[in-house]
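In what follows, every heavy atom counts, from backbone to side chain, and hydrogens, waters and symmetry copies are set aside.
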Amino acid sequence: MKITRVTAWQLDLPLTQPYFLSGGRLRFDRLDSTLVRIDTDEGLSGWGESCPWGQTYLPAHGPGVRAGLQSLTPALLGHDPCALDDLNRVMDITLPGHAYVKSAIDMACWDILGKFTTMPLWRLFGGSAAEPVNVNSSISTGTPEEMLALINRASKQGY
């Protein structure tokens, strides 16, 4: 099986309310997400995503994901998406660092491997049973009272 195409789409993910960091200095109203689809010559496709937390919080940002994908795609074409160690080597040689870019490709290749083997990812990752995964929620900066209200609301929503 060979990778024949890598396609990326930018998607703005609006937040339900503004998110503040650094004592209110940094404000986020949306997240710049990149969806990635890898297609193969055998008709299987896999999906991945990279969604950095804003452009001012970490050394990762949405436009950087898409620029990194443009750099990596030519090197990935023709490679087996199920040969994950080989793909990681190719990505590391082609674009040192930038794990936030490579993670979307990694997810898409794991998706293809799961479809190819007809095995769920929890089994491919070595799990003994499918188990629920706890999900956390980030809490915006505010007064102690505002932050406690956000924590309580998130808790009631299952976080």
Side-chain angles (χ1 to χ4, degrees), residues 1-22 25-141 159:
M1 180 173 1
K2 305 281 185 226
I3 295 173
T4 57
R5 182 173 42 199
V6 178
T7 310
W9 293 270
Q10 187 276 332
L11 177 66
D12 283 333
L13 300 177
L15 300 176
T16 56
Q17 63 186 44
Y19 187 91
F20 296 94
L21 288 169
S22 189
R25 184 179 62 83
L26 302 176
R27 175 189 168 118
F28 302 98
D29 295 305
R30 65 174 184 84
L31 298 177
D32 182 345
S33 185
T34 302
L35 300 176
V36 175
R37 185 183 71 210
I38 294 180
D39 297 311
T40 69
D41 62 347
E42 293 190 19
L44 289 177
S45 296
W47 290 86
E49 178 187 22
S50 181
C51 187
W53 192 248
Q55 293 188 183
T56 57
Y57 180 60
L58 296 172
H61 61 102
V65 173
R66 294 179 292 279
L69 289 170
Q70 286 181 345
S71 295
L72 288 171
T73 294
L76 298 174
L77 296 177
H79 283 270
D80 182 349
C82 297
L84 298 170
D85 287 340
D86 178 56
L87 284 176
N88 282 311
R89 182 187 57 74
V90 168
M91 288 193 291
D92 287 343
I93 290 169
T94 306
L95 184 67
H98 303 282
Y100 69 103
V101 174
K102 297 171 189 173
S103 67
I105 293 168
D106 189 56
M107 284 180 228
C109 289
W110 277 102
D111 187 27
I112 291 169
L113 181 60
K115 291 172 180 174
F116 180 71
T117 62
T118 68
M119 291 175 63
L121 290 180
W122 62 265
R123 182 166 285 143
L124 287 172
F125 291 159
S128 58
E131 297 177 10
V133 176
N134 292 327
V135 178
N136 64 356
S137 177
S138 295
I139 301 300
S140 184
T141 298
Y159 292 100

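Contact between Val65 and Ser50 at its shortest, heavy atoms only, is CG2-OG, 3.4 Å. The minimum heavy-atom distance linking Ala108 with Gly48 is given by the pair CB-N, 3.8 Å. In terms of heavy atoms, Tyr100 sits closest to Pro52 at CD1-CG, 4.2 Å.
Note: Trp47 and Trp9 have parallel aromatic rings, judged against thresholds of 30 and 60 degrees for the angle between ring planes. Taking the six-membered ring where the residue is Trp, Phe28 and Tyr19 present tilted rings, their angle falling between 30° and 60°.
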* How far apart are the C-alpha atoms of Cys82 and Ile112, what are their side-chain angles, what is the distance that settles it, and do they pass the side-chain contact (heavy atoms from CB on, under 4.5 Å) test? -> CA-CA 7 Å; Cys82 297; Ile112 291 169; 4.3 Å; yes

Side-chain donor-acceptor pairs under 3.5 Å in residues 30-37, sequence neighbours left out?
| residue | atom | partner | partner atom | Å |
| --- | --- | --- | --- | --- |
| Arg30 | NH1 | Asp12 | OD1 | 2.6 |
| Asp32 | OD1 | Gln10 | NE2 | 3.1 |
| Asp32 | OD1 | Arg66 | NH1 | 2.9 |
| Asp32 | OD1 | Arg66 | NH2 | 3.3 |
| Asp32 | OD2 | Arg66 | NH2 | 3.0 |
| Ser33 | OG | Glu49 | OE2 | 2.4 |
| Thr34 | OG1 | Arg66 | NH1 | 2.7 |
| Arg37 | NE | Asp39 | OD1 | 3.1 |
| Arg37 | NE | Asp39 | OD2 | 3.2 |
| Arg37 | NH2 | Asp39 | OD2 | 3.3 |

Tell me which donor-acceptor pairs under 3.5 Å the side chains of residues 86-98 have, and how far apart each pair is, sequence neighbours excluded?
| residue | atom | partner | partner atom | Å |
| --- | --- | --- | --- | --- |
| Asp86 | OD1 | Arg89 | NH2 | 2.7 |
| Asp86 | OD2 | His79 | ND1 | 3.0 |
| Asn88 | ND2 | Leu84 | O | 3.0 |
| Asp92 | OD1 | Lys102 | NZ | 2.7 |
| Thr94 | OG1 | Val90 | O | 2.7 |

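The CG atom of Asp29 sits 11.0 Å away from the OG1 atom of Thr16 when rounded to the nearest 0.5 Å. Rounded to the nearest 0.5 Å, atoms CG (Asp41) and CE (Met1) are 7.5 Å apart. In this structure, the separation between NZ on Lys2 and CG on Asp80 is 6.0 Å, given to the nearest 0.5 Å. Taken to the nearest 0.5 Å, the CG atom of Leu113 stands 8.0 Å off from the CG atom of Leu121. Distance check, rounded to the nearest 0.5 Å: OH of Tyr159 to OG of Ser138 gives 10.0 Å. Here the straight-line distance linking atom SG of Cys109 with atom CG of Leu44 works out to 11.5 Å at 0.5 Å rounding.
Other residues, nucleotides and ligands place more than 12 heavy atoms under 6.0 Å from the CZ atom of Phe20.
Applying side chain to side chain donor-acceptor pair (under 3.5 Å) to Lys115 and the options Asp111, Thr117, Thr118 leaves one that passes, Asp111.
Between Leu69 and Ile105, the closest side-chain pair of non-hydrogen atoms falls below 4.5 Å.
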